[in-house]
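Structure, as structure tokens:
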Amino acid sequence: MPGDSGGRWVICGKQTIRVGGAALLLLALGATADRAHAQDQAADPAKPAATAPVDARDDASLDAVVRQMRAAREQAKQRLQSREQVFKARLDESKAQLSSAEQALAAAEAEGRRLEGVFDANKTELADKAELLKDKIGALKELFGVFQQNASDLIGAFNGSATSLQYPDRDVWLEGFANRMKNASEVTSADDIKTLWFELLREINARGQIVRLSAPVFTPAGESSRREVVRLGGFSLITAQPSPAYLQWKAGQQRVETMVRQPVGPYGPQIERYLAGDQALSTVSLDPTGGTLIELLAEKPTVEERVDQGGLVGYMIIALGAVAFLLAASKLLDIAVISLRVGLQRRRMDQPKANNALGRLLLVYRDNAHADPETLEMRLHDRVAKETGRIQRFLVFLAIIAAVAPLMGLLGTVVGMINTFQAITLYGTGDPQTMAGGISQALITTVLGLVVAVPAVLLNAVVSARAKRVINRLRQQKALLLGDRLAERTLSSTAATSSPLGAPQTA
């Protein structure tokens, strides 16, 4: 049958049967060797062939197969020997590494035993020295405790003082000094005690000085800019850049920050005059708490914020108050004009004019000169009633506003309490800020109602009193006119009864 190498093997049937499976294995190995040889020839055609192809008919004996197997066995033996040599080399190298590691381990164990001995010796020596230090400190231990307590207290005092802007990093030395005193690791020297004493005196002296210096000033957002700052002892920090304002010393960050809002009042102009130095004696407000009171003043709501807390009811009360004041002002002006014209008319009773209440009353009297007293009285009464209605016009609204304003304040109080209870229902009573809005509305509306009602009542009383004064003048004049007419009638009747019978009567 054709082979892979291009040659042909022809095996007799009897020999194959005689050698069995071993011959078949040898034939397969021979075919594999021939195939490898053919591949080498294909890869390098210039390489001479080691052996010529064997024709199965010329060399069909078993000896050729044995020779091929012997050559393959020699090659395999050489490969095994090469691998054995590599393995032995690696084994020798591993044995050398193992020996080196064992030596290092032994050295480390020996060093560990030596260090254990040194540790025990140092421990004994440390105990002896600690005992010696304790003997040397003796009664000074309580003094060191006092130093440690004072240093710890000064750390907080210095960090919270605005003088740290001028003398920074004092807390570093104080912290180290306090730790040494706490652990009693060494005997305090005189220099440390003098330094502590010096820091105390410097702080006392600095708190009594007014210092002008340049320092970085931070905004709440973290932006910084260098400004000129005036330190008023240990109380306050002020600046004129870009506008007169108070500054805050932040102890946690150890820096100067601007306030979110400045306190409302005369504080800004005071700072401006003080920093300008144009007066021999200037006044500036200080905060003895180091900034707490200024923060509270800055958080105090303005009038606009207070009014806004009242909500819709508050604005309605303010609107009623504005109407009441405008109405009262207009009525006071109107009554003043009426009173002035009435006063001018009283000086000229014989020349009545229609531009005033008294003149119109006199005109009615003149137009009804020949009427009987009863008719005249009715005409004058009607005129006085008309003038009274004109003078008292719109006064009822002023009285209504004076009565409604406190009721509106009560309404706002009820609404504010409802909002407060709703906040308590939703968020509980753990956070007072959730109830602050409703309570503020309740109180502000009550205040606004009273603020509007009290002046409205007073204005109503004043306007009503002046109106009644003018009306009383008209009524008095009406009574005088009626009295004159009745007197004339009485005189006429008396003259008629006293004249002789039949005598002519004069008008």
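All values derive from a computational prediction rather than experimental measurement.
Ser99 contributes no side-chain N or O that, together with a main-chain N or O of Lys95, makes up a donor-acceptor pair within less than 3.5 Å. In this structure, Glu272 contributes its side chain and Leu275 its backbone to no donor-acceptor pair below 3.5 Å. With Asp308 contributing its side chain and Glu304 its backbone, the two residues share no donor-acceptor pair below 3.5 Å. Of the possible donor and acceptor atoms, none in the side chain of Glu228 sits under 3.5 Å from a partner among the backbone N and O of Ala240. With hydrogens and angles disregarded, no donor-acceptor distance shorter than 3.5 Å links the side chain of Thr445 to the backbone of Gly314. Listed for the Ser464 side chain is a donor-acceptor partner under 3.5 Å among the backbone atoms of Asn460. The backbone N or O of Ala206 lies less than 3.5 Å from a partner atom in the side chain of Arg231, making a donor-acceptor pair. Judged by distance alone, the side chain of Glu203 and the main-chain N or O of Phe198 form no donor-acceptor pair under 3.5 Å. Thr195 places a side-chain N or O within donor-acceptor distance of the main-chain N or O of Asp191, the cut-off being under 3.5 Å. Put simply, the side chain of Arg341 gets close to the backbone of Asn355: a donor and an acceptor are under 3.5 Å apart.
Leu196 places a side-chain heavy atom less than 4.5 Å from the side chain of Leu154. You'll find the side chain of Thr258 reaches within 4.5 Å of the side chain of Leu247, heavy atoms only. The shortest distance between side-chain heavy atoms of Val217 and Leu237 does not fall below 4.5 Å. In this structure the side chain of Pro244 never reaches within 4.5 angstrom of the side chain of Tyr274, judged on heavy atoms. Within the 4.5 Å cutoff, side-chain heavy atoms of Arg390 are placed close to those of Ile338. Within the 4.5 Å cutoff, the side chain of Leu358 has no heavy atoms near those of the Arg473 side chain. In this structure the side chain of Asp192 reaches within 4.5 angstrom of the side chain of Trp173, judged on heavy atoms. Side-chain contact between Leu320 and Met316 is absent, with no heavy atoms from C-beta onward closer than 4.5 Å.
Nearest heavy atom pair, residue Ala442 against residue Thr413, reads O-OG1, 3.1 Å. Closest non-hydrogen pair, Gln270 versus Ser285, comes out as OE1-OG, 2.8 Å. The nearest pair of heavy atoms linking Ala402 to Ala453 is O-CB, 3.7 Å. Of all non-hydrogen atoms in Ile401 and Ala324, the two that sit nearest each other are CG2-CB, 3.6 Å. Annotation for Arg255 and Trp249: closest pair O-CE3, 3.5 Å, computed over non-hydrogen atoms. Scanning all heavy atoms of the two residues, the minimum distance from Gln262 to Tyr246 falls at OE1-N, 2.9 Å.
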Quiz prompt | Full working for side chain to side chain donor-acceptor pair (under 3.5 Å) between Arg207 and Thr163 | solution = CA-CA 7 Å; Arg207 292 201 175 195; Thr163 57; 5.2 Å; no

Practice problem: Take Glu74 and Lys77 through the salt bridge (Lys or Arg N to Asp or Glu O under 4.0 Å) test and state the conclusion after the steps. | Solution: CA-CA 5 Å; Glu74 291 295 331; Lys77 183 177 180 180; 5.4 Å; no

Exercise. Would you please test Ser339 and Arg466 for side-chain contact (heavy atoms from CB on, under 4.5 Å) and show each step?
Key: CA-CA 9 Å; Ser339 179; Arg466 294 192 177 185; over 6 Å; no

Practice problem: Apply the test side-chain contact (heavy atoms from CB on, under 4.5 Å) to residues Val452 and Ile318: give CA-CA distance (whole Å), side-chain angles for both, the deciding distance (0.1 Å), then the verdict. | Solution: CA-CA 7 Å; Val452 171; Ile318 293 175; 5.8 Å; no

Exercise. Check the pair Asn356 / Leu344 against side-chain contact (heavy atoms from CB on, under 4.5 Å), numbers first and verdict last.
Key: CA-CA 9 Å; Asn356 63 88; Leu344 294 176; over 6 Å; no

Quiz item: For Leu474 and Thr388, what are the C-alpha separation, side-chain angles and deciding distance, and is it a side-chain contact (heavy atoms from CB on, under 4.5 Å)?
Solution: CA-CA 9 Å; Leu474 295 177; Thr388 300; 5.6 Å; no

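Around the CD atom of Gln81, the shell of radius 6.0 Å holds more than 12 heavy atoms that belong to other residues, nucleotides or ligands. Few gaps surround CZ on Arg261; more than 12 heavy atoms of other groups in view lie less than 6.0 Å from it.
Between the side chains of Gln149 and Asp153, at least one donor N or O sits under 3.5 Å from an acceptor N or O.
Between Asp287 atom CG and Tyr267 atom OH the span is 10.0 Å, to the nearest 0.5 Å. Distance CD1/Ile155 to CG/Asn150: 11.5 Å, rounded to 0.5 Å. Rounding to the nearest 0.5 angstrom, the gap separating the CG atom in Leu480 from the NZ atom in Lys478 is 11.5 Å. Taking CD1 from Ile335 and CD from Gln392, the interatomic distance works out to 8.5 Å, rounded to the nearest 0.5 Å. One distance of note links CG of Leu443 with CG of Leu448; it measures 11.0 Å at 0.5 Å rounding. To the nearest 0.5 angstrom, Leu80 atom CG is 13.5 Å from Phe87 atom CZ.
With salt bridges taken as basic N to acidic carboxylate O contacts below 4.0 Å, one links Arg202 and Glu199. At a threshold of 4.0 Å, the pair Lys88-Asp92 does not count as salt-bridged, since none of the basic side-chain nitrogens sits closer than that to a carboxylate oxygen. Checked for salt-bridge contact, Arg90 and Glu93 miss the test: no charged N lies under 4.0 Å from a carboxylate O.
The aromatic rings of Phe394 and Phe397 are tilted relative to each other, their planes meeting at an angle between 30° and 60°.
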